[in-house]
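To start, the structure itself, in structure tokens.
Proteins come first, then strands; the chains are lettered A, B, ... in the order of their sequence lines, and each starts at number 1. Predicted, not measured: the structure shown is a model, and the values here were computed from it.
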Amino acid sequence: MKAYKPISIDFFKKDTIKVSKELLGKVIVRKIDNKTCLAGKIVEVEAYIGEHDPACHAFQKVSGRSSVLYEEGGTIYVYFIYGNYYCFNIVTENKGIGCAILIRAVEPIEGIDIMREFRPKIKNIHDLTNGPSKFCIAFDIDKKFNNQKLSENGIFVSDSQIKEKFEIKTSKRIGIVKGADFQYRFFIKDNPYVTKHKFNK
DNA sequence: TATTCGATGTGCT
DNA sequence: GCACATCGAATAC
């Protein structure tokens, strides 16, 4: 098992778009116990900006589940959607702003056998984590992580030890209606673990 | 291969 | 009620 080290929480306390781009290529690590470690390279994210973005759950209001979005950068926001699935977000900026980044896809690096146990029907490794809820299932993430801090519950972001160059592509976000015109989706060009979509060209 | 559609919890009106 | 930051099985071609 590689010795992944968490990056500083301050990394998340700045401009959401900037953090989104810098997150690409980094590694998200999930330690289940002392023996088991899941890791994946972040290849696709979306930004949600509470201040001016009607698609953001925190848009112009602080209430209910969205209050987590107003916590300080580095807080985890997990929400339940469509009666079946979870999505994993990392809050950005300082307390009281209301922004977050949705992790949409990762490239499995470590613990792939464990991910397959969580997703037994999946045969093609490319389909293991190429979607926000697929990632949550493969990494065993659910609402118990909501409103926790990164690095305090066995889940954190680490710098990749494999330095490689890649091109960042931008597109409209996927699966939303309100605020759909914002170019807030960022992904690694030509990476096979990015969600399949017409915006990828 | 492309498109449609069912499942179904939670928060907001 | 109804909409929703999804997935994958079923259906249509």
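Remark: A/E164 engages A/K41 in a salt bridge, criterion side-chain N to carboxylate O under 4.0 Å. With respect to A/K13 and A/E93, no salt bridge is recorded, no charged nitrogen being found less than 4.0 Å from a carboxylate O. A/K26 has no carboxylate O lying under 4.0 Å from a charged side-chain N of A/E22, or vice versa, which leaves the two without a salt bridge. Ion pair A/E72/A/K95 not flagged as a salt bridge, since none of the NZ, NE, NH1 or NH2 atoms sits closer than 4.0 Å to an Asp/Glu carboxylate oxygen. Using a 4.0 Å cut-off between charged side-chain N and carboxylate O, A/R173 and A/D53 make a salt bridge.
One interatomic measurement links the two molecules: CZ of A/F59 to C1' of C/dA5, which rounds to 15 Å at whole-angstrom precision. The distance from atom CG of A/N146 to atom P of B/dT10 is 12 Å, rounded to the nearest whole Å. Rounded to whole angstrom, the span from the CZ atom of A/F80 across to the P atom of C/dA3 amounts to 19 Å. Atom CZ of A/R104 is separated from atom C1' of C/dA5 by 7 Å (rounded to the nearest Å). In this structure, A/K178 places its NZ atom 6 Å from P of C/dA5, rounding to the nearest Å. Remark: C1' of C/dC7 and CD1 of A/I81 are 12 Å apart, rounded to the nearest angstrom. We find that CG of A/L69 is positioned 12 Å from P of C/dA5, with the value rounded to whole Å. A/L102 has its CG atom 14 Å from the C1' atom of C/dC4, to the nearest Å.
Between A/L102 and A/F88, the shortest heavy-atom contact is CD1-O, 3.6 Å.
Nucleotide B/dA2 forms a Watson-Crick or G-U wobble pair with C/dT11, both donor-acceptor distances falling under 3.5 Å.
In terms of position on DNA chain B, the residue among A/N84 and A/K143 whose nearest nucleotide sits closer to the 5' end is A/N84. Comparing A/Y82 and A/H57 by the nucleotide of DNA chain B whose heavy atom lies nearest to each, the residue mapping closer to the 5' end is A/Y82.
Look at the P atom in both B/dT13 and C/dA5: the space between them is 14 Å, to the nearest Å.
For C/dA5, neither phosphate oxygen OP1 nor OP2 lies less than 4.0 angstrom from any side-chain nitrogen or oxygen of A/R185.
A/Y86 and A/F80 have tilted rings, their planes meeting at an angle from 30° to 60° on a 0 to 90° scale.
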Inset, instruction - Determine, for nucleotides 8-13 of chain C in 5'-to-3' order, which nucleotides have protein heavy atoms under 4.0 Å from the base (write B), from only the sugar-phosphate (write S), or from neither (write -). - result: SS----

